[in-house]
Structure formats: C-alpha cells, structure tokens
S.K.: 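Have a look at the structure that comes next, please.
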Number of protein chains: 2
Amino acid sequence: MEKGTIRVLSRAFSIMTYIAREKRPLGVTEIASAVSLPKATVYRILDSLEAERAVLNRGGEYELGPVTLFLADAYRSQVGFAEVARPHLLSLRNETKETVHLFVYEKGEFYYLDKIESPYQVRMHSRIGGRASIFRLSAGKALLARFSAEELKELHEPVPPEVVREFSDILTRGYAVDDEQNEQGLRCVGAAIIDSRGRPRGAVSVSAPVYRFPPELVERYGKLVSGVAEAVTREIGSFEKCVCSS
Amino acid sequence: MEKGTIRVLSRAFSIMTYIAREKRPLGVTEIASAVSLPKATVYRILDSLEAERAVLNRGGEYELGPVTLFLADAYRSQVGFAEVARPHLLSLRNETKETVHLFVYEKGEFYYLDKIESPYQVRMHSRIGGRASIFRLSAGKALLARFSAEELKELHEPVPPEVVREFSDILTRGYAVDDEQNEQGLRCVGAAIIDSRGRPRGAVSVSAPVYRFPPELVERYGKLVSGVAEAVTREIGSFEKCVCSS
DNA sequence: CATTATCGTTTCACTCCATGGATTTTTTAT
DNA sequence: ATAAAAAATCCATGGAGTGAAACGATAATG
C-alpha cells in the first residue's frame with residue numbers, strides 16, 4: 001500500500017476490482033481469500049458498499065451496483081471527447097466493418113474509453129476501462145509521437161528505441177500502424193486526438209485480423225482513422241473556444 | 001448515516017458523487033464545504049481515491065478517474081441485457097429518430113442504463129446511472145405491470161392507484177404510455193424486458209416532444225418498443241439456456 | 001435422516017488508524 | 001511586492017475499523 005492512503009478505501013477498491021474482473025456473483029469467502037483479508041472485514045466493507053449501491057447483495061452473492069454507471073458517465077463527460085467521438089466511431093465502424101476503439105491518456109497510462117465491435121464473429125477482445133500497453137498499440141504510438149520530451153518522461157516506462165524511430169513516419173502519415181506487435185494475427189491503425197491546448201489526449205484505432213486487413217488496406221484505413229481523429233480534434237477545439245468566448 | 005456502515009467509505013462516495021454531479025474540476029475547499037467535512041479530511045480521502053485512480057488530481061483540481069469506467073463496464077456486463085440490447089436500441093432510434101432509453105430495475109429502484117439520443121436539437125435530457133421515478137415513466141409502468149404482488153411490496157413507495165388501474169391495458173397492449181405525466185410536453189412509450197427466470201429486469205422506451213409524437217403515432221411506436229423488448233427478452237433467455245445446457 | 005462441511009452473518013474487546021485543528025507552502029489576485 | 005486564498009502537511013487524540021471466534025442457515029454426504 002502506498003504511503004498516506006486510507007486503508008479501508010484501498011481495500012474497498014481491491015474488492016470491487018476483484019468483482020469487476022470476475023464478472024459474476026461472488027460469495028464473501030471467495031472474495032476474502034482472493035484479496036487476502038479476513039471474512040468479517042470483507043463482509044463489513046461489502047455491507048458499506050451496498051449502502052452506497054456500489055455493490056448489490058443477491059442472497060449472499062455480491063455483484064457490482066448501479067452507482068458505477070453514474071460515476072463512469074460523469075468521467076466520460078469530463079473527458080470531453082467521448083460523446084463527441086461516438087458518431088464518428090460509428091461511421092468508422094460501418095465503413096470498415098471492423099472493431100473501433102477510443103482511448104484516453106491519463107497520467108502516464110492509456111485506457112479503453114469506448115469501443116464499437118465488428119459485426120464479424122472473429123474479432124478483437126478488449127475491456128472498457130482496462131489499461132492498455134501504450135507501446136504496442138497503434139493508438140498508443142500515434143499518441144506518443146505527438147508528445148514533447150517532458151511528456152515522454154512522465155511515462156512510467158521509457159519508450160523503446162524502435163518505437164522512437166517510428167515517430168517521424170507516424171507524424172508525416174498522420175497515423176500509426178501495428179503489425180502483429182501487440183497480438184499475433186492482429187493488425188491495427190491508430191491516430192491521435194489533440195485537445196484545445198494542443199496536448200495529445202487520446203486516440204482512435206481500427207483493429208482487424210490480418211486476413212481481413214492486408215497491407216494493401218493499411219493506407220485506406222489509416223486515412224480513415226486519421227480523418228476521424230482530426231474531426232474529433234477539430235470539434236473539441238471549437239467547442240472549448242465557444243465556451244471561452246461566451 | 002446508516003448503522004454499521006464504514007464512515008470513510010460513505011464519505012468517499014459522497015465526495016465522488018459531488019464531483020460527478022458537478023461535472024467539472026473542483027478544489028478541495030469547495031468539495032469540503034459542499035460535503036460538510038474538514039478540508040484535511042477531504043484532502044486525505046481524495047489522495048487515497050487518487051491512488052486508486054478513482055479520481056484525478058490536475059494541479060489542485062480534482063475530477064473523476066478512469067477506474068469508474070472499468071467498474072461500470074463490469075456492471076453493464078453483469079446486468080446481461082445491456083450489450084444484447086445495444087443494436088436493437090440503435091435500430092429503434094434510427095426508425096423513430098427519437099431518443100431511446102434502456103433501464104435496469106435493481107432493488108426497488110430504476111436506473112438509466114443506456115441511451116441513444118435523437119438527432120433533433122429538441123430532445124429529452126437524462127443522465128446515465130441516474131435514478132428515475134418509476135411511476136411516471138412509461139418504461140417504469142411497463143415494468144410494474146409485470147410485477148407480482150410481492151415484488152410490488154419491495155418498492156420503497158406504494159404504487160399510486162391510477163397507475164395500478166393502467167396495468168391490465170399495459171399487459172394487453174404490450175407497452176405503456178406516458179402522456180406528459182413525467183414532464184410537460186413529453187410523450188413516451190415503454191416495454192418491459194424479462195429475464196430467463198421470468199422476472200421483469202428492465203425496460204426500453206422511446207421519448208419525444210408531443211409535437212413530433214402525436215397520439216396517432218402511439219400505436220406504431222408502441223409496437224416498435226414492445227418488439228424490441230421482446231427481442232431482447234428472447235435473446236437473453238436463449239443465451240442463458242445455452243450456457244446451462246453446456 | 002442424521003451428520004458434516006461450508007458459507008453468510010453477527011459479536012465484541014482491542015488497538016491502530018483515520019481525524020481535524022493548526023501550520024506551512026504554494027498559487028492566485030491585487 | 002504584498003496580501004489573500006487555497007492546497008498540502010503535521011501530529012496528538014480517541015473513536016472507528018479490525019479480525020478472531022462464535023453463530024445460524026443451508027447444502028452436501030454417507
């Protein structure tokens with residue numbers, strides 16, 4: 001546990017995180033052993049979380065509660081581009097028929113913010129709110145390429161040299177490519193979203209299995225994602241200006 | 001505060017809820033006065049929440065963090081019909097061009113689970129994760145009409161007699177109607193989603209301002225929503241059967 | 001059907017950890 | 001430059017969270 005943090009809070013979050021990972025109703029005993037805490041302690045915390053509707057108790061089995069929705073919706077609208085991007089993501093998915101992702105960058109880490117899935121049976125698997133490994137994703141590289149030297153230092157791990165070498169290409173093309181680096185058999189293209197102060201804040205990507213996404217398609221899909229990213233960037237920029245000038 | 005609840009937890013949630021309501025970066029002082037707690041206490045709680053990425057600290061201003069996304073996504077998939085319903089909601093919105101809502105019922109309360117907005121400028125305003133007043137919404141009435149006597153007692157407030165009188169009509173038609181009871185100038189139709197054990201678990205609705213949603217359209221939209229609700233009900237039913245039989 | 005095992009729930013004495021008033025540091029406004 | 005306000009830090013205190021143990025309910029076993 002980090003210094004200065006309140007113990008119950010960190011315990012409560014590890015309990016909720018465990019429930020979220022398992023995605024099924026769980027008993028007190030199982031949770032207690034999973035998070036290495038006494039049953040009574042876990043029970044009391046679950047009770048308190050239930051009072052807040054952060055978890056629900058269905059006859060001794062616990063699952064997450066609806067308050068999570070409320071908080072996540074607020075987070076989404078704070079991010080600013082989640083709602084703006086939605087229709088663009090939809091049309092991008094319809095044009096490519098492949099899975100489309102939206103990411104946010106927050107304090108050195110990269111999170112899945114939204115996704116629209118491919119209609120095909122074979123498709124990429126990801127989890128909203130999950131952390132993503134920034135170096136291996138096309139969306140991550142597209143973002144890093146726009147970072148200043150200072151911002152690159154903020155990251156928890158140093159950027160691998162082979163990724164740095166890609167930066168100039170990414171900037172000239174407007175999109176980054178991932179050829180099975182993140183996952184065997186999967187190809188992605190991604191482009192960065194820039195906020196009104198000129199800072200890279202997120203990214204959009206299209207992912208597909210290589211057999212549906214051959215090298216010949218990279219340029220086409222690449223231009224589509226960078227077009228979407230630019231559209232979102234433009235919209236959030238003008239929106240902020242609107243608010244400021246009023 | 002309810003008996004037996006852990007104080008810091010309830011405090012932490014009131015802080016997060018306040019941030020979620022305000023939907024803007026907030027300072028410690030403002031939050032402290034809003035939730036009526038000493039600054040130092042609020043500061044320490046925010047610090048702990050930040051360590052969990054439940055809030056973010058941007059130079060003294062706090063906002064919600066990305067963990068909320070992760071928890072909410074898990075809740076959505078636990079509900080079971082949120083993902084299944086998404087494509088149906090989309091086509092319902094496209095057919096009606098009006099705002100479509102998805103609700104969940106949890107322990108006596110009704111929550112907005114998802115929405116797809118009308119493309120028109122004039123449209124209904126709602127908040128995902130917010131509680132909704134079950135008696136005045138078409139979706140709420142559609143759900144109540146399917147409840148057993150016991151389930152009706154589980155509610156926090158008794159059902160008004162005028163709503164009870166509507167039940168038989170709702171059951172024969174398959175959908176409920178709200179003629180400006182919830183909000184002046186707004187008409188809605190809603191239908192219930194039933195889980196594999198036969199329990200009403202949620203509802204779908206279409207809402208529009210009366211000038212775009214005249215009485216002549218009620219039957220058409222009503223049949224559309226009940227069709228969607230039935231499709232979702234059927235899909236979650238057969239999915240559960242699949243899992244069981246394997 | 002009795003027995004055992006397991007799990008959710010409750011209890012309570014102990015103690016440790018969250019508390020909040022006061023202080024210091026930083027930022028913003030004048 | 002100076003003042004004002006807000007964020008961040010400190011620390012003695014006591015009440016709040018803790019967890020071992022007990023309880024009661026339910027399911028599994030022979």
Side-chain angles (χ1 to χ4, degrees), chain A residues 1-19 22-65 78 106-107 150 154 197 199 244, chain B residues 1-19 22 24-65 78 106-107 150 154 197 244:
Chain A
M1 194 174 69
E2 284 176 54
K3 165 195 158 271
T5 45
I6 295 171
R7 197 176 45 169
V8 245
L9 281 178
S10 102
R11 288 175 169 185
F13 274 94
S14 65
I15 289 170
M16 288 192 285
T17 304
Y18 180 69
I19 300 174
E22 294 296 313
K23 293 199 172 188
R24 63 191 163 92
L26 299 168
V28 179
T29 310
E30 182 181 349
I31 299 173
S33 79
V35 299
S36 314
L37 285 173
K39 259 197 327 183
T41 303
V42 171
Y43 182 79
R44 214 165 346 92
I45 292 172
L46 284 169
D47 230 35
S48 304
L49 290 174
E50 201 197 357
E52 305 297 334
R53 318 235 90 183
V55 304
L56 295 173
N57 180 349
R58 290 196 205 282
E61 309 244 271
Y62 291 84
E63 24 181 284
L64 290 171
Q78 271 174 0
E106 297 278 19
K107 306 239 168 186
E150 289 163 28
E154 203 185 47
R197 277 164 299 182
R199 286 199 197 133
C244 288
Chain B
M1 193 172 71
E2 285 177 52
K3 165 196 159 268
T5 43
I6 295 172
R7 196 175 47 167
V8 246
L9 280 178
S10 101
R11 287 175 170 186
F13 274 94
S14 65
I15 289 170
M16 287 192 284
T17 304
Y18 180 70
I19 299 175
E22 293 297 314
R24 62 190 165 93
L26 299 167
V28 179
T29 311
E30 182 180 350
I31 298 172
S33 79
V35 300
S36 312
L37 285 173
K39 261 198 326 183
T41 303
V42 171
Y43 182 79
R44 212 164 347 91
I45 292 172
L46 285 169
D47 230 34
S48 304
L49 291 174
E50 200 198 356
E52 306 297 334
R53 320 234 88 183
V55 305
L56 295 172
N57 180 350
R58 289 196 204 282
E61 308 245 271
Y62 292 84
E63 24 181 285
L64 290 171
Q78 272 173 359
E106 298 277 20
K107 306 237 166 189
E150 289 161 28
E154 203 186 47
R197 277 164 300 183
C244 288

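Everything quoted here is computed from the prediction, not taken from an experiment. Letters A, B, ... are given to chains in the order of the sequence lines, protein chains preceding strands, and every chain is numbered from 1.
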S.K.: With DNA chain C as reference, determine whether A/Val8 or A/Gly60 sits nearer its 5' end, using the nearest nucleotide of each.
M.R.: A/Gly60

S.K.: Assuming nearest nucleotide by heavy-atom distance, tell me which of B/Ile45 and A/Leu26 is located more 5' along DNA chain C.
M.R.: A/Leu26

S.K.: Would you say the side chains of B/Tyr18 and B/Glu30 form a donor-acceptor pair under 3.5 Å?
M.R.: yes

S.K.: Which nucleotide in the list D/dA8, C/dT19, D/dG19 gets nearest to the side chain of B/Arg7?
M.R.: C/dT19

S.K.: Taking only the side-chain nitrogens and oxygens of B/Thr41, find out if one of them lies under 4.0 Å from OP1 or OP2 of C/dG20.
M.R.: yes

S.K.: How long is the gap from OH on A/Tyr62 to CG on A/Asn57, to the nearest 0.5 Å?
M.R.: 4.0 Å

S.K.: To the nearest Å, give me how far apart CG (A/Asn57) and C1' (C/dG8) are.
M.R.: 9 Å

S.K.: By the definition side-chain contact (heavy atoms from CB on, under 4.5 Å), identify the one residue from B/Thr29, B/Asp47, B/Leu37 that meets it with B/Val42.
M.R.: B/Leu37

S.K.: Can you name the closest pair of heavy atoms from A/Lys39 and A/Ala32 and give their distance?
M.R.: CA-CB, 3.9 Å

S.K.: Please determine, for the side chain of B/Tyr43, which listed nucleotide (C/dT19, D/dG19, D/dT9) has the closest atom?
M.R.: D/dT9

S.K.: If the cut-off is 4.0 Å, is B/Thr29 near the phosphate of D/dA5, judged by side-chain N/O to OP1 or OP2?
M.R.: no

S.K.: Roughly how many Å is it from CD in B/Glu61 to P in D/dA5, rounded to a whole number?
M.R.: 17 Å

S.K.: Within this structure, what is the CG-to-P distance between A/Leu9 and D/dA16, rounded to whole angstrom?
M.R.: 16 Å

S.K.: Over how many whole Å does the gap from A/Asp47 atom CG to D/dT18 atom P extend?
M.R.: 13 Å

S.K.: Between P on C/dC7 and CD1 on A/Ile31, what's the gap in Å once rounded to a whole number?
M.R.: 13 Å

S.K.: Can a side chain N or O of B/Tyr62 be found less than 4.0 Å away from OP1 or OP2 on D/dA6?
M.R.: no

S.K.: If you compare all heavy atoms of A/Arg11 against all heavy atoms of A/Ile45, which two are closest, and at what distance to 0.1 Å?
M.R.: CB-CD1, 3.8 Å

S.K.: Is there a donor and acceptor pair, one atom on the side chain of A/Arg44 and one on the base of D/dG17, closer than 3.5 Å?
M.R.: no

S.K.: Measure from CZ on A/Arg58 to P on C/dC7 and round the result to the nearest Å.
M.R.: 21 Å

S.K.: Atom CD of A/Glu50 to atom P of C/dG8: distance rounded to whole Å?
M.R.: 14 Å

S.K.: Roughly how many Å is it from CG in B/Leu49 to C1' in C/dA18, rounded to a whole number?
M.R.: 14 Å

S.K.: For the base of C/dG8, is there a side-chain donor-acceptor partner from A/Lys39 under 3.5 Å away?
M.R.: yes

S.K.: Is B/Arg11 close enough to D/dG17 that one of its side-chain N or O atoms is under 4.0 Å from OP1 or OP2 there?
M.R.: no

S.K.: Consider the side chain of A/Ala40, meaning its heavy atoms from C-beta on, and name the nucleotide among C/dA18, C/dT10, C/dT9 that approaches it most closely.
M.R.: C/dT10

